[in-house]
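Order of appearance sets the numbers: ligands from 1, and atoms from 1 within every ligand. Side chains are part of it too, since the values below use all heavy atoms of this structure and drop only hydrogens, waters and symmetry mates. Given the structure is predicted, the values throughout are model-derived calculations rather than measurements.
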Amino acid sequence: MAKRDYYEVLGVSKSASADEIKKAYRKKAIQYHPDKNPGDKEAEEKFKEAAEAYEVLSNPDKRARYDQFGHAGVDGAAGGGFGSGGMSMDDIFSMFGDIFGGHGGFGGFGGFGGGSAQTHQRKFRGADLRVKVKLSLKEISTGVEKKFKVKKYVECPHCHGTGAEGNGGVETCPTCHGTGSVTRTQQSIFGMMQTQTVCPQCNGEGKIIKNKCKECSGEGVVYGEEVVTAKIPAGVAEGMQVTINGKGNAGKHNGVPGDLLVLIEEEKHPELIRDESDLIYNLLLSVPTAALGGTVEIPTIDGKAKIKIEPGTQPGKVLRLRGKGLPNINRYGYSTGTGDLLVNVSVYIPETLTKEERQLLEKWQEAENFQPNLSLKEKIFKKFRSLFE
Ligand SMILES: [Zn+2]
Ligand SMILES: [Zn+2]
């Protein structure tokens with residue numbers, strides 16, 4: 001069977017943004033979810049097809065290969081994800097954390113950890129929450145502790161999360177005797193078969209609530225807020241995410257809390273430009289200072305510094321102040337050294353001149369020493385080129 005175009009599967013254009021692709025997939029996943037279409041084979045196929053399309057289009061590398069080579073560019077190369085056999089339901093459900101996280105759970109099925117065919121007691125998992133934090137380069141250079149007041153579901157203080165009123169409000173589920181799953185014996189073409197499924201009475205929790213807590217209507221969680229302290233390591237960059245485990249929404253019925261994801265935003269420095277762990281400053285020298293040399297003040301991450309300018313400093317020269325950049329951070333959040341501050345020298349040419357200045361310059365114009373020196377010009381160009389190589 002020929003595979004359908006992935007963009008067509010999700011109903012998005014070839015130029016769709018990552019966000020549009022995510023939204024389109026979420027819509028399809030809800031529409032064709034097996035919990036909503038029990039026993040519907042066609043819906044299941046569509047559900048898998050959408051997941052496969054999303055798997056490829058949500059990954060910039062795979063998407064680029066797909067755009068260039070079509071299905072041949074991603075089949076088999078997906079690293080055991082799919083290809084001939086298609087994605088397994090487990091694979092698909094494992095993608096859900098990413099898609100539905102931070103959106104307050106998901107219908108009847110997103111709230112459970114894992115969500116796929118577990119046969120042991122199930123615990124509710126609270127949704128992940130996202131907050132944004134804006135940091136200055138100074139804060140990034142040292143690392144910082146930030147406090148957030150997060151509005152979220154917290155454990156119900158009245159029932160301490162059980163969802164039950166008073167003692168003895170929770171009972172072991174009589175149908176599954178607390179195991180969370182039931183065994184069914186069915187006649188099939190292979191003979192009698194036993195299958196384990198989630199207990200329909202307790203939804204896999206293994207317990208049922210007799211008297212519901214009046215404060216939380218038996219949910220075990222209420223909407224409230226918590227002050228959370230996030231330790232942001234030095235060296236983070238725009239778009240990075242710091243995960244604070246267990247500080248998302250509380251899980252229903254003393255379940256597992258979700259995580260709080262702190263998304264880093266970077267405040268632009270008025271004078272310094274960040275290039276990974278290096279900082280760049282564009283220094284404008286006057287013509288006389290470039291020619292005569294001197295001392296100038298430049299901004300640094302901690303304030304100001306004075307640097308010496310050699311006589312005859314050329315525009316395009318880059319002065320490197322070692323260790324005056326930002327800490328380098330690896331993917332595990334550990335520092336791996338510090339970058340440099342690069343001072344890029346430019347020379348300021350006045351846009352208008354007084355009569356005297358003009359006369360002065362006209363004299364220089366003829367002086368032999370002011371003619372561009374070819375070997376020097378070459379040297380400057382080499383330096384300039386090395387910046388880009
Ligand atoms: Zn309660
Ligand atoms: Zn049960």
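Side-chain polar atoms of S346 and N282 form a donor-acceptor pair below 3.5 angstrom. E219 and H253 share no donor-acceptor pair across their side chains, judged by distance under 3.5 Å alone.
For the pair SG of C159 and SG of C156, the angle at the Zn ion (ligand 1) is about 100°; rounding is to 10 degrees. Around the Zn ion (ligand 2), the two atoms SG of C176 and SG of C199 are separated by an angle of 110°, to 10 degrees.
With respect to E44 and K48, a salt bridge is recorded, a charged nitrogen being found less than 4.0 Å from a carboxylate O.
Within the 2.8 Å limit, C216 places at least one N, O or S atom next to the Zn ion (ligand 1).
In this structure, Y32 has its ring center at least 6.0 angstrom away from the ring center of F47.
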